[in-house]
*Asks:* 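Okay, handing you the structure first.
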Number of protein chains: 2
Amino acid sequence: MPKPSAINHAMQKYGEYLTRHGLKSTVQREIIVNEFLRTKGHLSADELHSRLRVSHSSIGLATVYRTLKILAEAGLAHERRFKDGYSRYEYTGPDGMHHDHIVCVGCGQVEEFENKEIETLQRQEAEKRHFKMLDHKFEIYGICRQCQERGGE
Amino acid sequence: MPKPSAINHAMQKYGEYLTRHGLKSTVQREIIVNEFLRTKGHLSADELHSRLRVSHSSIGLATVYRTLKILAEAGLAHERRFKDGYSRYEYTGPDGMHHDHIVCVGCGQVEEFENKEIETLQRQEAEKRHFKMLDHKFEIYGICRQCQERGGE
DNA sequence: TTCGCTGCAAACCATTTGCACCCAT
DNA sequence: ATGGGTGCAAATGGTTTGCAGCGAA
């Protein structure tokens, strides 16, 4: 679970985004955003909705989708699409720092890593082409150690 | 258009894959694979199907999907999912070498780049985790020079 | 003669949208 | 009181699949 200070920072950024875009703050959004921010990992809309169902059964899946979209536009969530057909969202901390992913195509587990050098190189590539870089996605697909040992087809 | 020698190599690899998996060679697949291999860029199933419609109007979209899946499994096509909701496939040459992408979120244009250093670093990351690396995906999202000049939010 | 392949249409299914009511501003 | 927000159900739309007939091996 992220540090409280990080969550506060995020809530503030989220609030600013709402105001700046003439959007309203509602209880549902508050609940969704809170749960999202304090959940580690890659959440699909459906998973997030299930989590909320326990304590807030009346919140609709559509609202979860709509709120996740807002979070992504506000720069608080990164949308990732691995290979299971779902869009997954991930909160990546107050400094906008994000890690990359290494996905096992055998069992579906996702590990994360950060690599400063890669980060630097990609920034250079963007500059070389006069792109203002906004986001990036880096995923390695492979077979994890367990799946290799388990033997595969 | 790729060099003929590259296409031949690919056709051979494709044929081997069919045999090895008890699959059959058919005229439709032949046509689809040929068109795919000699088309540069990122093709969606629908785009490829449209191309074929001109000269081979009876080929069904489902067959295009099925054939693209085979090509991907045979290692001849890389599946990429940018942000328009389509799966796009790309033929990346006989050496399995693939480039990465830098996508403009303004106009949708996709530029390509290769970076040996990044390639090396990612391989190290995979090894460090005992992953047998199969594929990777690296995409940078940003705003291209023209879209920056054109201004816009 | 097998058994995979094809086109078609129907099915899938994650995501989006229309609508009538609700509520923050 | 505005006009955006919500839940629900229906619509969307890219992709997959069932099926009956076809064709490669």
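Naming: A, B, ... by sequence-line order, numbering from 1 per chain. Quantities reported herein were computed from a predicted structural model and do not represent experimental measurements.
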*Asks:* Could you please name the option among C:dC8, C:dC3, C:dA24 that lies closest to any side-chain atom of B:K24?
*Replies:*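 Looking only at heavy atoms from C-beta outward on B:K24, the closest nucleotide is C:dC3.
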*Asks:* Without decimals, in angstroms, what is the distance between B:H49 NE2 and C:dT6 P?
*Replies:*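 Going from B:H49 (NE2) to C:dT6 (P), I get 13 Å.
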*Asks:* For the pair made of NE2 in A:H21 and C1' in D:dG3, what is the distance, rounded to whole Å?
*Replies:*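 Rounded to whole Å, this separation is 18 Å.
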*Asks:* With a non-hydrogen cut-off below 4.0 angstrom, is B:S44 in contact with a base, only sugar-phosphate, or nothing?
*Replies:*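 If one applies the 4.0 Å heavy-atom cut-off, B:S44 turns out to touch nothing in the nucleic acid.
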*Asks:* How many whole angstroms separate atom CG of A:L23 from atom C1' of D:dG5?
*Replies:*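 Roughly 10 Å, once rounded to whole Å.
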*Asks:* Would B:R88 and B:E47 pass as an ion pair if we require N to O under 4.0 Å?
*Replies:*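 Counted as a salt bridge, because a side-chain N and a carboxylate O are separated by less than 4.0 Å.
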*Asks:* Look at atom CD of B:E117 and say whether more than 12 heavy atoms of other residues, nucleotides or ligands are closer to it than 6.0 Å.
*Replies:*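 At most 12 heavy atoms, drawn from other residues, nucleotides or ligands, come within 6.0 Å of this atom.
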*Asks:* Just by distance, with hydrogens left out, do A:Y141 and A:E139 show a side-chain donor and acceptor under 3.5 Å apart?
*Replies:*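 Judged by distance alone, the side chains do pair up.
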*Asks:* Where the side chain of A:Y86 is defined as all heavy atoms beyond and including C-beta, which of C:dA9, C:dA14, D:dC8 is the nearest nucleotide?
*Replies:*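 Per side-chain heavy atoms of A:Y86, the pick is C:dA14.
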*Asks:* Rounded to whole Å, please give me the gap between CD in A:Q28 and P in C:dC23.
*Replies:*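 Whole-Å distance recorded here is 9 Å.
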*Asks:* Nearest of D:dT6, D:dT15, D:dT17 to any side-chain atom of A:R66?
*Replies:*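 It is D:dT6.
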*Asks:* Taking for each residue the nucleotide of DNA chain C bearing the nearest heavy atom, is the 5' side occupied by B:T26 or by A:Y65?
*Replies:*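 Closest to the 5' end, via its nearest nucleotide, is B:T26.
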*Asks:* Figure out the CG/C1' separation between B:D84 and D:dG14, and round it to whole Å.
*Replies:*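 After rounding, the reported distance stands at 11 Å.
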*Asks:* Whole angstrom is fine here: how far is it from CD1 in B:I70 over to P in D:dT15?
*Replies:*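 These atoms are roughly 17 Å apart.
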*Asks:* Considering only C:dT6, D:dT16, D:dT15, which nucleotide approaches the side chain of B:K69 most closely?
*Replies:*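 Out of C:dT6, D:dT16, D:dT15, the nucleotide with an atom closest to B:K69's side chain is D:dT16.
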*Asks:* For C:dT15 and A:S87 - does any side-chain N or O of the residue sit under 4.0 Å from the phosphate oxygens OP1/OP2?
*Replies:*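 A:S87 to C:dT15 OP1/OP2: side-chain N or O found under 4.0 Å.
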*Asks:* Indicate the ring-plane relationship of B:H101 and B:H99, choosing parallel, tilted or perpendicular according to the 30° and 60° boundaries.
*Replies:*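 If you compare the ring of B:H101 with that of B:H99, the planes turn out perpendicular.
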*Asks:* Ring centres under 6.0 Å, that's the criterion: do A:Y65 and A:H49 meet it?
*Replies:*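 Here the rings of A:H49 and A:Y65 have centres that are no less than 6.0 Å from each other.
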*Asks:* Within this structure, what is the CG-to-P distance between A:L18 and D:dG5, rounded to whole angstrom?
*Replies:*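 Those two atoms, CG and P, are 8 Å apart.
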*Asks:* Students often get this wrong, so: under 4.0 angstrom with heavy atoms, is B:R29 touching a base, only sugar-phosphate, or nothing?
*Replies:*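 Result for B:R29 = sugar-phosphate.
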*Asks:* How many whole angstroms separate atom CZ of B:R53 from atom C1' of C:dC8?
*Replies:*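 Interatomic distance, CZ of B:R53 to C1' of C:dC8: 12 Å.
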